[in-house]
Amino acid sequence: MSESSVGRPTPVTNATHTQKPSGMPIHKYGRYEAVDIADRTWPDNRITVAPRWLSTDLRDGNQALIDPMSPARKREMFDLLVRMGYKEIEVGFPSSGETDFAFVRSIIEDGAIPEDVTISVLTQAREELIERTVESLRGAHRATVHLYNATAPTFRRVVFRGSREQVKQIAVDGTRLVVEYAEKLLGPETVFGYQYSPEIFTDTELDFALEVCEGVMDVWQPEAGREIILNLPATVERSTPSTHADRFEWMSRNLSRREYVCLSVHPHNDRGTAVAAAELAIMAGADRIEGCLFGQGERTGNVDLVTLGMNLFSQGVDPQIDFSQIDEIRRTSEYCNQMEVHPRHPYAGDLVYTAFSGSHQDAIKKGFDAMETEARAAGKTVDDLVWNVPYLPIDPKDVGRSYEAVIRVNSQSGKGGIAYVLKNDHKLDLPRRMQIEFSKIIQVKTDTEGGEVTPAAIWSVFQDEYLPNPDNTAARWGRVQLRSGQSTTDTDGIDTLTVEAVVDGVETVLSGSGNGPISAFFAALGAVGVDARLLDYTEHTMSEGASAQAASYIECAIDGKVLWGIGIDANTTRASLKAVVSAVNRASR
Ligand SMILES: CC(=O)SCCNC(=O)CCNC(=O)[C@H](O)C(C)(C)COP(=O)(O)OP(=O)(O)OC[C@H]1O[C@@H](n2cnc3c(N)ncnc32)[C@H](O)[C@@H]1OP(=O)(O)O
Ligand SMILES: CC(C)C(=O)C(=O)O
């Protein structure tokens, strides 16, 4: 070892990270096939308008619940989805039993479905189920039957025990039966649509998925004014979102009658990438997304419609869905599903607009201040500007949240967060060095007591430290209490101040002169043995209007200690005298 390197730590080298077998049974799993599409175009595409949305909360969401929704909970969910603006809603699986059938009948018969909303119902490709399904739609204004059968090799072999041709025939025959029963059972008042899903599309060979979809289209005969929805589900999410997008681009390019096809994506979240899979599929040509609020649904859930919609919103694209009361949406969804939304759920969780850590809080506070400064300079309001506050991808106000929870204080917090609470809740804009001083006081509390310090507790500590209330004996402390004061200014600009005060419990009249009321007060305090020197002074109004209060902050050296005081009063001179008293009392505390 050379002399110069003695005592230095050993640098990390790549050799430290050589891979060792984990012992996990990796031999049980195969790699997902890539798609042969070297000239893919989707990576260059941008999402500039909202896709069509279908909520399947009442079907795919409901079928995965421990306790499926009661009719009342179903209705609550349906009404919420309508209020939010969803125009396509899968309302159930009517052939599953009386509950779903009766629910579909109830919303049709109650007139609960707005004219511009299309309801959709799912069925297997079995004649008795198709008949019952179509039957449930009698009298609806706009209704779609959604037929599915699994097309992947394992399902062909294990579930249907049939060849490719036989499994394709299930879809083709099912489609024919849907058309026949719709013609037989539904009247002209119903605008009737059709949707087909090759279930387990993600594990189906692309050429076979295409062949089945073409066979279905040959029966439905899509044309102008007669679209078909072809929904390609990631029934179980199996690939990266990029491979999923490749498969969509391939299907979109190879489908015939493409202009009459609404290509729909239906991701599940088994790999945790459903949102990305949906977004990339849209870039790759999909027109429509099926999902559930907050990612409810089978196993790890369907893709989350709230995240998808809010992702668009946060990029300046209108999602066509109203998320402005996100907490009401969340509460209703929790009630209907009897399942809680995670506190860290994107856009909606309790903690997603909250910073506990000091550097985040500092940046957020500075971001808010910068937005206010920019707005003032431009003669605008903050709401007119493009949102740009660190760590907050959107303005919490836009989803009905207040700024109260944006900063919460615990042992990880710094001065910026505490200053934010005082500014936001009490209009006190503490000078930087005073922020440092006060944050140390709060830090002692968090270090000794642990946990969170609420805004109310911060305020109570602040009041006790800087603003002892002279009217409240319990909260009164300190050597000096100010009663009243008068100042005069002579022709040379010298101020003479006379104050009535209680000093060490004794009523006293103090007098002093200086080149301003503060220095005059310091001179007066000298008479009772206070040795104080002004280091810094700042003030601001706390609100607009004639009755506005002002806050004064004074940094002084008193008897060898440097510390801050604050005074609040409608009169700025009185506010500054109070600030001196605050500092003097703290010095002797
Ligand atoms: C990926 C998805 O989310 S798909 C939607 C899944 N959702 C649901 O299943 C919820 C509602 N379903 C139900 O309530 C019931 O399944 C019912 C009432 C519709 C039918 O119940 P059952 O008659 O007992 O049949 P079950 O659902 O068990 O299906 C088994 C049979 O249907 C066949 N089948 C399954 N899916 C389909 C399909 N899409 N099309 C045609 N046949 C199918 C199976 O091969 C099997 O046939 P077999 O008995 O000849 O072997
Ligand atoms: C019926 C289809 C669309 C489905 O729910 C799935 O494959 O996940």
Side-chain angles (χ1 to χ4, degrees), residues 54-65 68-69 74 88-104 120-136 144-152 154-163 166-178 194-204 209 212-213 215-216 228-238 244 247 262-271 274 277-278 281 286 288-292 295-303 305:
L54 172 123
S55 153
T56 183
D57 286 87
L58 290 161
R59 198 279 298 171
D60 218 348
N62 187 53
Q63 79 184 34
L65 295 176
M69 292 183 219
K74 278 202 141 198
E88 296 177 55
I89 304 176
E90 194 161 57
V91 291
F93 199 130
S95 67
S96 67
E98 194 45 36
T99 313
D100 271 22
F101 188 90
F103 175 72
V104 179
S120 147
V121 282
L122 184 67
T123 178
Q124 292 180 2
R126 288 160 57 191
E127 182 162 2
E128 69 282 16
L129 303 186
I130 291 171
E131 180 178 10
R132 183 83 174 141
T133 304
V134 178
E135 175 81 46
S136 75
T144 295
V145 166
H146 175 188
L147 181 119
Y148 76 97
N149 69 316
T151 50
T154 307
F155 285 71
R156 300 198 300 260
R157 184 168 52 83
V158 176
V159 178
F160 296 119
R161 295 178 291 269
S163 64
Q166 286 166 320
V167 169
K168 174 182 166 188
Q169 207 54 45
I170 294 173
V172 169
D173 291 345
T175 305
R176 190 169 298 120
L177 287 166
V178 170
Y194 182 60
Q195 168 170 344
Y196 171 71
S197 295
E199 191 201 345
I200 327 281
F201 165 73
T202 27
D203 278 339
T204 305
V212 177
C213 289
V216 164
I228 187 166
I229 300 170
L230 293 176
N231 181 53
L232 308 179
T235 309
V236 179
E237 186 179 51
R238 297 259 294 122
H244 185 250
R247 290 173 63 85
C262 171
L263 191 60
S264 176
V265 58
H266 176 112
H268 281 266
N269 197 33
D270 298 82
R271 291 166 54 96
R288 174 178 181 271
I289 300 177
E290 298 196 349
C292 293
Q296 279 293 340
E298 290 282 5
R299 302 179 309 282
T300 51
N302 286 74
V303 72
L305 291 179

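Note that the coordinates shown come from a computational prediction; the quantities given were computed from them, not determined experimentally. For ligands, and for the atoms within them, numbers begin at 1 and follow the listed sequence.
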Gln195 side chain to Glu290 side chain, donor-acceptor N/O pair below 3.5 angstrom | yes

Short list, please: which atoms of ligand 1 are under 4.0 Å from a heavy atom of Tyr148?
-> 4 (S), 5 (C), 6 (C), 38 (C), 39 (N), 40 (N)

Checking Arg157 side chain against Gly162 main chain: does a donor-acceptor pair fall under 3.5 Å?
-> no

among protein heavy atoms, the one nearest atom 13 (C) of ligand 1 is Ser96 CB, 4.0 Å

Heavy-atom nearest option to atom 4 (C) of ligand 2, drawn from Glu199, Gln124, His266, His268 = His266

Using a strict cut-off of 4.0 Å, indicate which atoms of ligand 1 neighbour a heavy atom of Asp60.
-> 3 (O)

So do Thr133 and Phe93 actually touch side chain to side chain, heavy atoms under 4.5 Å?
-> no

Any donor and acceptor pair, going by atom type alone, linking the side chain of Asn302 with main-chain N or O of Cys292 inside 3.5 Å?
-> no

Report the residues that fulfil side chain to side chain contact (heavy atoms under 4.5 Å, CB included) with Asp173, sequence neighbours left out, ordered by chain and then residue number.
-> Gln169, Arg176

Any protein heavy atom lying closer than 4.0 Å to atom 15 (C) of ligand 1?
-> no

Does the protein place any heavy atom closer than 4.0 Å to atom 39 (N) of ligand 1?
-> yes

Tell me which part of Glu298 gets within contact of ligand 1: side chain, backbone, both or neither, using heavy atoms under 4.0 Å.
-> neither

Within the side chain of Thr144, is there an N or O that forms a donor-acceptor pair under 3.5 Å with the backbone of Ser120?
-> no

Nearest protein heavy atom under 4.0 Å from atom 22 (P) of ligand 1, yes or no | yes

Name the closest protein heavy atom to atom 7 (O) of ligand 2, giving the residue it belongs to and the distance to 0.1 Å.
-> Thr235 OG1, 2.6 Å

Establish whether atom 7 (N) of ligand 1 and some protein heavy atom are separated by less than 4.0 angstrom.
-> yes

Verify atom 27 (O) of ligand 1: protein non-hydrogen atom under 4.0 angstrom away | yes

Considering the heavy atoms of Val159, write down every atom of ligand 1 situated less than 4.0 Å from one of them.
-> 45 (O)

For Glu199, take its heavy atoms, then give the atoms of ligand 1 lying under 4.0 Å from any of them.
-> 1 (C)

Between Thr202 (side chain) and Val236 (backbone), is there a donor-acceptor pair under 3.5 Å?
-> yes

Tell me which part of His146 gets within contact of ligand 2: side chain, backbone, both or neither, using heavy atoms under 4.0 Å.
-> side chain

Protein contact for atom 10 (C) of ligand 1 (heavy atom, distance under 4.0 Å) = yes

Using atom types as modelled and distance alone, determine if a side-chain donor or acceptor of Gln166 lies under 3.5 Å from a backbone N or O of Ser163.
-> yes

Looking only at distances, please establish whether an N/O atom of ligand 1 is found under 3.5 Å from an N/O atom of Thr235.
-> no

Report yes if some N/O of Leu129 lies less than 3.5 Å from some N/O of ligand 1; otherwise report no.
-> no

Asn62 side chain to Met69 backbone, donor-acceptor under 3.5 Å = yes

Measure the spacing between NE2 of His266 and OG1 of Thr235 and express it to the nearest 0.5 Å.
-> 6.5 Å

Among all protein non-hydrogen atoms, which one is nearest to atom 41 (C) of ligand 1, and what is the separation to 0.1 Å?
-> Ala125 N, 3.5 Å

The one among Arg126, Arg161, Gln124, His268 that brings a heavy atom closest to atom 36 (N) of ligand 1 | Gln124

Is there a protein heavy atom less than 4.0 Å away from atom 49 (O) of ligand 1?
-> no

Is any side-chain heavy atom of Lys74 less than 4.5 Å from a side-chain heavy atom of Asp100?
-> yes

Do Glu237 and Thr300 have side chains that get closer than 4.5 Å, going by heavy atoms?
-> no

Within reach of ligand 2, part of Asn231 (heavy-atom separation under 4.0 Å) | side chain

Side chains of Val121 and Val104: does their closest heavy-atom pair fall under 4.5 Å?
-> yes

Heavy-atom contacts with Ser197 under 4.0 Å: which atoms of ligand 2 show up? List them by number with element.
-> 3 (C)

Residue Asp60 vicinity, atoms of ligand 2 by number, heavy atom under 4.0 Å | 5 (O), 8 (O)

Would you find more than 12 non-hydrogen atoms of other residues, nucleotides or ligands less than 6.0 Å from Phe103 atom CZ?
-> yes

Heavy atom of the protein closest to atom 19 (C) of ligand 1 (residue, atom name, distance) = Phe93 CE2, 3.6 Å

Can you tell which part of Arg59 has a heavy atom less than 4.0 Å from ligand 2: side chain, backbone, both or neither?
-> side chain

Mind checking whether Leu122 contacts ligand 1 via backbone (N, CA, C, O), side chain (CB onward), both or neither, at a 4.0 Å heavy-atom cut-off?
-> side chain

Polar side chain donor-acceptor pair, Asn231 to Ser197, under 3.5 angstrom | yes

Atom pair CG/CZ of Asn149 and Phe155 - distance to nearest 0.5 Å = 11.0 Å

Heavy-atom contacts with Gln63 under 4.0 Å: which atoms of ligand 1 show up? List them by number with element.
-> 2 (C), 3 (O), 5 (C), 6 (C), 7 (N), 8 (C)

